[in-house]
Structure formats: C-alpha cells, structure tokens
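Reviewing the structure listed below.
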Amino acid sequence: LRGLCGAALFLSQLSVLSGRAGSLVTTKLLQPQSTLAKSLTSTSTNAPYFKALESTEIPPYLTNCPSNGLCSRLPPDCMTCNTNYSCVYGKTATFDCKVKPHVHCVDENNHEQEDFTINMTCQFCWQLATSDYVCTNSTNCMTVSCPRQRYNATCTVRDHIHCLGNRVFPKMLYCNWTGGYKWSTALALSITLGGFGADRFYLGQWREGLGKLFSFGGLGIWTLIDVLLIGVGYVGPADGSLYI
C-alpha cells in the first residue's frame, strides 16, 4: 500500500513539472512570434504612409509654372525641349517640347496639351538683347571716370525668353548705378548758389564745397567753371554714381 501511494505521488509531481515546462516552452515559442507580428504590423501600417508622402511631394519647379497658361509662354524649367544646335545663327528655329509632369498648359484655342513646338531665334543666351536678361548691379565702381569703369555681372535670362546654352552667364558691364542725385538740381544750385559751394555740397564733395565757400567761389571764376563742368556732366556725385 505504501508503495502504491509513493508511486501515485511521484506521478502527480511529474505531471506538475511537465505542465510547467510545457507552459515555459509555449511562452518562449510564442514570444518571438508576437514580436514578429508587431514588427510586421508596424511595417504594414507605415509603408502606405511613406508612399503617401512620396506621392504628394510637389516638384520644386512647379512653383515657377503658371497653371493653364499658354504652353509657348511657359518658363524653360517647366518643359523639356529637343535643342537643335545645328540651326542657322540669327534665323528662326522650331523646337519640339513637352511639359514636365504635373504641369498643365493650353494652346491658343484653350485646349490642354502636353506636346507642342516653340519658335525662337537661333542664338546663345549671352548674345540676347539687354532687355531679355537681368544682371546684378554693382555699387563699388565709379561711373564718372575716364575711361569708364566696368564690373563683372551675373546675368539671368527672363523666364519667357528661350535661347541656347546656359541661362545664367557672366558679363562685363559699364558702371551704371545711381545714388539718387539729379543733374537738374546740381546745375540749378551751381548757377544760383555756386559761389557758396552749394552745388559741391549737394554732390557730396565737402572739401571742394568748403573751398568755394571760403574763397567766394574762387572770386567767381571757380563758380563759372563748375557751371560748365556740371552742365556737360563732367562733375558728378562723389560716390561715383550716375545722375537721374
């Protein structure tokens, strides 16, 4: 009887241990699966989000492309054209163009189109007329000098103008900036109050103005000379700018 009771107790303890071991194995087996399931779930939920961002991303060139305007008036950044460098210089050339993605334009009949042609003069951008591009201005060079000074400028072709080559190019230009001085005002001061140096003071030439003031216009001789020099534009503002 004691042997039977001991065997039953041993079997019960063995079943309890086997149950605990099975639960531990089951927990360890299920844990990676749950982690993997979470990673898969997070990946599956984030993937459409990134795709949505990519699909709604606006190309940078769209900010310069007018909507539903004439295709022939689009800026060059809004289209791709087959450039024909074998055209005859100075002659009108026709180029086949196509609008870039997300760009909408119309023809003369207000019909939307993607493929179109443009007509332009066969010439490089740096050969355009001065009215077809905009250049940087310099306030460090003297406009009143002999010979007249030049400066290095960076020029950019206007949006509606088409040409061959780079649309941004360097160019040597004459100093042509103004500080706001009027030629008529300087001449009027030279005629009326030139003996007191008012014209030189107005142009920013303080030393010459003081010299004329204390010498009474060089006894009138300096005054007459300044009237002639300002009249022909030889004497200008002290900052080297042009009259307006």
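The first residue in the sequence is number 1, and the count goes up from there. Here the structure is a predicted model, which is why all the values come from computation and not from measurement. These values consider heavy atoms only, across backbone and side chains, with no hydrogens, waters or symmetry-generated copies.
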Worksheet entry | side chain to side chain contact (heavy atoms under 4.5 Å, CB included) assessment of Leu164 paired with Cys122 | CA-CA 7 Å; Leu164 302 176; Cys122 181; 4.1 Å; yes
Discussion item. Using the rule given for side chain to side chain contact (heavy atoms under 4.5 Å, CB included), can you reason through Met79 versus Phe116, listing the C-alpha separation, both sets of side-chain angles and the distance that settles it, and then say yes or no?
Written reply: CA-CA 10 Å; Met79 67 179 79; Phe116 58 96; 4.0 Å; yes
Practice prompt. Output, in order, the C-alpha distance, side-chain angles, deciding distance and verdict of side chain to side chain contact (heavy atoms under 4.5 Å, CB included) for Met120 and Thr92.
Written response: CA-CA 6 Å; Met120 54 173 278; Thr92 302; over 6 Å; no
Fill in: Full working for side chain to side chain contact (heavy atoms under 4.5 Å, CB included) between His104 and Val99
CA-CA 8 Å; His104 302 282; Val99 295; over 6 Å; no
Worksheet item: Between Asn119 and Thr94, does a side chain to side chain donor-acceptor pair (under 3.5 Å) hold up when you go through it step by step?
Response: CA-CA 5 Å; Asn119 296 323; Thr94 302; 2.9 Å; yes
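Nearest heavy atom pair, residue Val103 against residue Cys65, reads CG2-SG, 4.1 Å. Closest non-hydrogen pair, Cys87 versus Ala93, comes out as CB-CB, 3.9 Å. Looking at every heavy atom in both residues, Tyr243 comes nearest to Lys182 through CD2-C, 3.6 Å. The shortest non-hydrogen separation linking Pro66 to Pro75 is CD-CD, 3.9 Å.
Atom CD of residue Glu208 and atom CG of residue Leu213 lie 13.0 Å apart, to the nearest 0.5 angstrom. Here the CD1-CG distance, from Ile191 to Asp199, works out to 10.0 Å after rounding to the nearest 0.5 Å. Atom OG of Ser184 sits about 11.5 Å away from atom CD1 of Ile230, to the nearest 0.5 Å. Distance check, rounded to the nearest 0.5 Å: CD of Glu108 to CG of Leu70 gives 6.0 Å. Summarising the geometry, atom CG belonging to Leu74 is positioned 9.5 Å from atom SG belonging to Cys81; distances are rounded to the nearest 0.5 Å. Here Ile161 contributes atom CD1 and Thr121 contributes atom OG1; the two are 9.5 Å apart, rounded to the nearest 0.5 Å.
Between the side chains of Asp226 and Ser190, not a single donor N or O lies within less than 3.5 Å of an accepting N or O.
For the pair Gln205 (side chain) and Gly236 (backbone), a donor-acceptor distance under 3.5 Å is present. The backbone N or O of Val168 lies less than 3.5 Å from no partner atom in the side chain of Thr156, so there is not a single donor-acceptor pair. The backbone N or O of Gly218 lies less than 3.5 Å from no partner atom in the side chain of Lys212, so there is not a single donor-acceptor pair. The backbone N or O of Cys155 sits nowhere less than 3.5 Å from a side-chain atom of Arg167 that would complete a donor-acceptor pair. Checked by atom type and distance alone, the side chain of Asn109 never pairs as donor or acceptor with a backbone atom of His111 at under 3.5 Å. Side chain of Lys100 to backbone of Thr80: no donor-acceptor contact under 3.5 angstrom is found.
Cluster membership check: Leu229 shares its hydrophobic cluster with Leu187, using side-chain heavy-atom separations under 4.5 Å among Ile, Leu, Val, Met, Phe, Trp and Tyr. Trp222 and Leu228 sit in two unconnected hydrophobic clusters of ILVMFWY residues. Membership requires side-chain heavy atoms under 4.5 Å apart, directly or through other members. Placement of Met172 and Leu128 in two distinct hydrophobic clusters is found when ILVMFWY residues are connected by side-chain heavy-atom separations under 4.5 Å, directly or transitively. Put simply, Trp183 and Leu203 are part of the same group of oily side chains (I, L, V, M, F, W, Y) that touch within less than 4.5 Å, one to the next. Both Tyr202 and Tyr234 sit in one connected hydrophobic cluster of ILVMFWY residues. Membership requires side-chain heavy atoms under 4.5 Å apart, directly or through other members.
In this structure, Tyr133 has its ring center under 6.0 Å from that of Phe169.
Ion pair Arg73/Asp159 not flagged as a salt bridge, since none of the NZ, NE, NH1 or NH2 atoms sits closer than 4.0 Å to an Asp/Glu carboxylate oxygen.
The environment of Tyr151 atom OH is dense: over 12 non-hydrogen atoms of other residues, nucleotides or ligands sit within 6.0 angstrom. For Glu114, the CD atom sits in a loose shell: 12 or fewer heavy atoms of surrounding residues, nucleotides or ligands are nearer than 6.0 Å. Residue Tyr89 places its OH atom among more than 12 non-hydrogen atoms of other residues, nucleotides or ligands, all under 6.0 Å distant.
The SG atoms of Cys105 and Cys78 do not lie less than 2.5 Å from each other. The SG atoms of Cys71 and Cys97 sit 2.5 Å or more apart.
Within the 4.5 Å cutoff, the side chain of Asn166 has no heavy atoms near those of the Trp126 side chain. In this structure, Asp132 and Arg158 have side chains that are not in contact, with every pair of non-hydrogen atoms separated by 4.5 Å or more.
Note on ring orientation: taking the six-membered ring where Trp is involved, the planes of Trp206 and Phe201 are tilted (angle from 30° to 60°).
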